[in-house]
Amino acid sequence: MEGAIFINIPSATLQPAKPRKRITTEPPQHLKFGPHLPPPPPPPSTSLSLDSLLPLLTHHNSPSSSSTSTATANRSQQRLLVIDGAYTTLFNDPRLGFLSSKAGSLLCCILSQPLPTLPSFLHSSRLEIVAIDTVSLLKALDIAGDWERALIFFQWLAADARSKLSAPAIELIVRALGRESQHTLASKLFDSVLLDDYLIDIRAYTTLLHAYARSGKYKRAVELFRQIKIKGLTPTIVTYNVMLDVYGKMGGSRTHILGLLNEMRDRRLECDEFTSSTVIAACGRDGLVDEALEFFQQLKSPTFSPGIVTYNALLQVFAKAGNLPLALRVIKEMEDNSCIPDAVTYNELVATYVRAGFYEEGASLLDTMAIKGITPNTVTYTIVIGGYGKAGKENEALSLFWRLKELGCVPNVFTYNTVLGMLAKKSRTKEILEILLQMRSDGCVPNRITWNTILALCGKRGMEKYVSRVLAEMKNCGVEPDRDTFNTMISAYGRCGSGARALKLYHEMNEAGFHPSLSSYNALLNAIARKGDWHAAESVLKDMNSKECKPNELSYSLLLQSYAQARHLEGSKLSKLKFMQARSSPAG
DNA sequence: GACTGTTAGG
């Protein structure tokens with residue numbers, strides 16, 4: 001039993017500073033990985049009724065969902081009350097003193113318009129609007145705290161041929177969207193509004209770069225940064241920090257990051273806590289442990305000592321690399337430098353233990369936290385629940401999940417995905433429905449990973465007919481499939497033995513513009529191997545070679561399987577050889 | 001007025 005639980009410990013961590021000694025503090029009853037046998041799991045239901053599952057996933061998640069519009073309608077009603085009753089409050093606001101009386105009455109009309117009819121209202125009032133100072137009206141909407149109407153007004157101005165946008169108007173809307181963390185909206189806004197004709201200030205550019213970074217549009221951020229320099233503006237320390245984050249999240253950008261750090265040095269900009277944590281996190285994503293450590297050592301100077309975020313980022317680098325001794329050394333150094341570990345520090349530490357297979361020690365860190373006066377949060381519990389799941393203690397995981405709220409936490413989409421993934425693996429479909437029901441009543445919106453998990457569940461015999469329906473519902477909810485969605489679906493068909501459907505999806509994936517990854521190819525080979533269609537398997541391997549995707553051990557083993565299935569002896573011998581070769585050269 | 005670190009599947 002124990003051997004099975006600890007099978008994942010990387011050999012480097014087998015003799016860590018912290019051996020498998022028992023934690024002396026008794027963990028609370030609900031957290032124990034007790035020696036007792038868990039109750040036998042309920043028998044998996046033979047089929048899952050999609051008719052009961054899909055409504056649980058679909059009711060609340062489209063971007064223009066009913067819940068959003070209800071909330072908007074409520075706000076709008078509240079605003080009307082404000083306008084009808086205490087109309088004067090807003091206009092007595094000294095911050096609106098700059099507004100002309102005409103602009104004031106327009107502001108009043110705009111605030112009282114329901115969002116959906118606002119564009120047509122603006123259109124019918126365009127003569128009045130163009131006669132006033134539109135920037136001041138935009139500013140008033142911002143001060144009134146109504147960024148949604150400000151955005152609609154801005155978009156109307158941008159689309160209206162005779163109105164003219166100005167740099168202050170752009171700065172204003174960028175700042176408002178940034179403050180509201182509407183990064184996706186901000187980044188989309190400038191798909192239609194061309195920025196090239198305007199010169200906005202460096203702070204607004206930085207906010208926009210940040211919006212691109214947060215919505216994953218890294219190439220656009222890089223391009224905008226280039227434009228900023230061409231326009232002759234001087235990036236600030238914050239601009240550099242954002243760009244370091246962009247390159248860090250893109251991955252494989254060591255040279256660019258070093259280039260930016262050099263530029264900063266040339267401009268005599270000192271690294272701050274943001275710079276250091278961002279650069280270290282970037283090293284961690286690329287697995288550059290030595291580089292992270294070197295950068296960290298160079299950082300320390302009489303004028304700069306690392307703060308908690310930097311230490312946590314460094315801890316994360318070692319944690320990801322599975323290096324428990326180095327991770328523990330970071331904690332020690334923090335304490336020596338009177339930098340008090342916080343919840344994030346402990347969450348990373350719990351995750352390190354769990355990742356290394358030390359589930360019990362991970363769970364008992366909850367008690368260490370309690371002793372140190374650090375309250376475990378949703379992230380902590382999500383990690384521990386995931387640990388129980390990995391240890392095969394699904395019932396403990398579930399009971400901790402159901403206790404979360406009593407412990408003062410609100411499960412988030414990560415928590416739900418952890419539990420759903422665990423249950424999907426064990427095909428505990430009845431409980432999946434219960435969890436989805438809870439997810440809905442918590443108002444937690446399923447994301448792409450939730451949908452992919454449900455798609456993976458369709459890889460059960462007899463369920464392949466649901467795959468396309470789930471995909472359609474997913475799209476209907478505004479969640480776009482990604483490469484992993486296709487991989488999941490190909491695997492699902494593979495597990496059901498639907499080789500033809502898997503192949504069809506593979507073509508659809510290419511048509512949708514996603515480059516197949518090694519796992520796509522292996523999923524496809526898996527589907528083919530079961531049928532013994534070695535011709536198809538050979539052509540997949542040919543395709544891999546042409547796309548410069550190196551087949552791995554699994555790929556050759558699946559090719560071998562398809563030969564074996566068809567009793568093709570010559571092919572078997574050859575692929576056995578390739579399989580052995582792949583095994584001896586672990587790259588790829 | 002802007003910026004950083006933790007958790008989910010494959």
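Values in this document were obtained by computation on a predicted structure and should not be read as measured data. Just so you know, these numbers use all the heavy atoms, side chains as well, and skip hydrogens, waters and symmetry mates. Every chain is numbered from 1 and lettered A, B, ... according to where its sequence line falls, protein lines coming before strand lines.
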Q | Ion pair A:Arg448/A:Asp482, N-O distance below 4.0 Å | A | yes
d(A:Leu151 CG, A:Leu189 CG) to nearest 0.5 Å is 6.0 Å
In whole angstroms, the gap separating P of B:dT7 from CG of A:Asn417 amounts to 14 Å
Less than 4.0 Å between a side-chain N and a carboxylate O, is that true for A:Glu508 and A:Lys504?
yes
Checklist entry - Quick one: is A:Gln316 getting a side-chain N or O under 4.0 Å of the B:dT7 phosphate, OP1 or OP2? => result yes
The correct set of residues in residues 232-243 of chain A placing a heavy atom under 4.0 Å from DNA chain B is A:Thr236, A:Val238, A:Asn241, A:Val242
Closest of B:dG1, B:dT7, B:dA8 to the A:Asp201 side chain is B:dG1
Rounded to whole Å, the CG-P distance (A:Leu177 to B:dG1) equals 18 Å
Counting only side-chain N and O atoms of A:His210, is one of them less than 4.0 Å from OP1 or OP2 of B:dC3?
-> yes
- Task: Could you tell me whether A:Leu420 contacts a base, only the sugar-phosphate backbone, or nothing, with contacts defined as non-hydrogen atoms closer than 4.0 Å?
- Result: nothing
>> Aromatic contact between A:Phe401 and A:Tyr416, with the criterion being ring centroids under 6.0 Å apart: yes or no?
In response: yes
Q: Identify whether any heavy atom of A:Thr206 sits under 4.0 Å from a base atom; if not, whether one sits that close to sugar-phosphate; answer base, sugar-phosphate or nothing.
A: base
Counting any heavy atom closer than 4.0 Å, what does A:Asp342 reach on the DNA or RNA strands: base, sugar-phosphate only, or nothing? base
* Do A:Lys393 and A:Tyr359 meet the cation-pi criteria used here (NZ or CZ under 6.0 Å from the six-membered ring centre, within 45° of the axis)? -> no
Hits for ring pair (Phe, Tyr, Trp, His ring centres under 6.0 Å) against A:Tyr205, two or more places apart or cross-chain, chain-then-number order -> none
- Item | ring pair (Phe, Tyr, Trp, His ring centres under 6.0 Å) between A:Tyr218 and A:Tyr247, worked out | CA-CA 8 Å; A:Tyr218 307 128; A:Tyr247 280 117; 9.4 Å; no
Rounded to whole Å, OH of A:Tyr311 lies from C1' of B:dT4 at a distance of 16 Å
Hits for ring pair (Phe, Tyr, Trp, His ring centres under 6.0 Å) against A:Phe486, two or more places apart or cross-chain, chain-then-number order -> A:Phe514
Give A:Ile449 one of three labels, base, sugar-phosphate or nothing, depending on what nucleic acid heavy atoms sit under 4.0 Å from its own.
base
Between CZ of A:Phe514 and C1' of B:dG10 the distance, given in whole Å, is 14 Å
Among B:dT4, B:dT6, B:dA8, the one nearest any side-chain atom of A:Asn347 is B:dT6
Winner on side-chain proximity to A:Asn447, out of B:dA8, B:dT7, B:dG10, is B:dA8
Under 4.0 Å from OP1 or OP2 of B:dT7: is there any side-chain N or O of A:Arg355 that close? yes
So, with a heavy-atom separation below 4.0 Å from DNA chain B, the residues of residues 269-279 of chain A are A:Glu273, A:Phe274, A:Ser277, A:Thr278
Review point. Checking all strands, does A:Asn452 fall into the base, sugar-phosphate, or nothing category for heavy-atom contacts under 4.0 angstrom?
Key: base
By ring pair (Phe, Tyr, Trp, His ring centres under 6.0 Å), A:Phe414 pairs with (sequence neighbours left out) none
Atom NE2 of A:His183 and atom P of B:dA2 are separated, to the nearest Å, by 12 Å
note: A:Ile331, atom CD1; B:dT6, atom P; distance rounded to Å ~ 15 Å
Whole-Å distance, A:Tyr521 OH to B:dG10 P, equals 21 Å
Hits for ring pair (Phe, Tyr, Trp, His ring centres under 6.0 Å) against A:Phe296, two or more places apart or cross-chain, chain-then-number order -> A:Tyr311
Ranking B:dT6, B:dC3, B:dT7 by distance to the side chain of A:Glu348, first place goes to B:dT6
Of B:dC3, B:dG10, B:dG1, the nucleotide closest to the side chain of A:Thr488 is B:dG10
Closest of B:dT7, B:dG10, B:dT4 to the A:Arg214 side chain is B:dT4
key: Ionic contact status for A:Glu223 with A:Arg226, cut-off 4.0 Å   = yes
From CG of A:Leu349 across to P of B:dT7 the rounded distance in Å is 13 Å
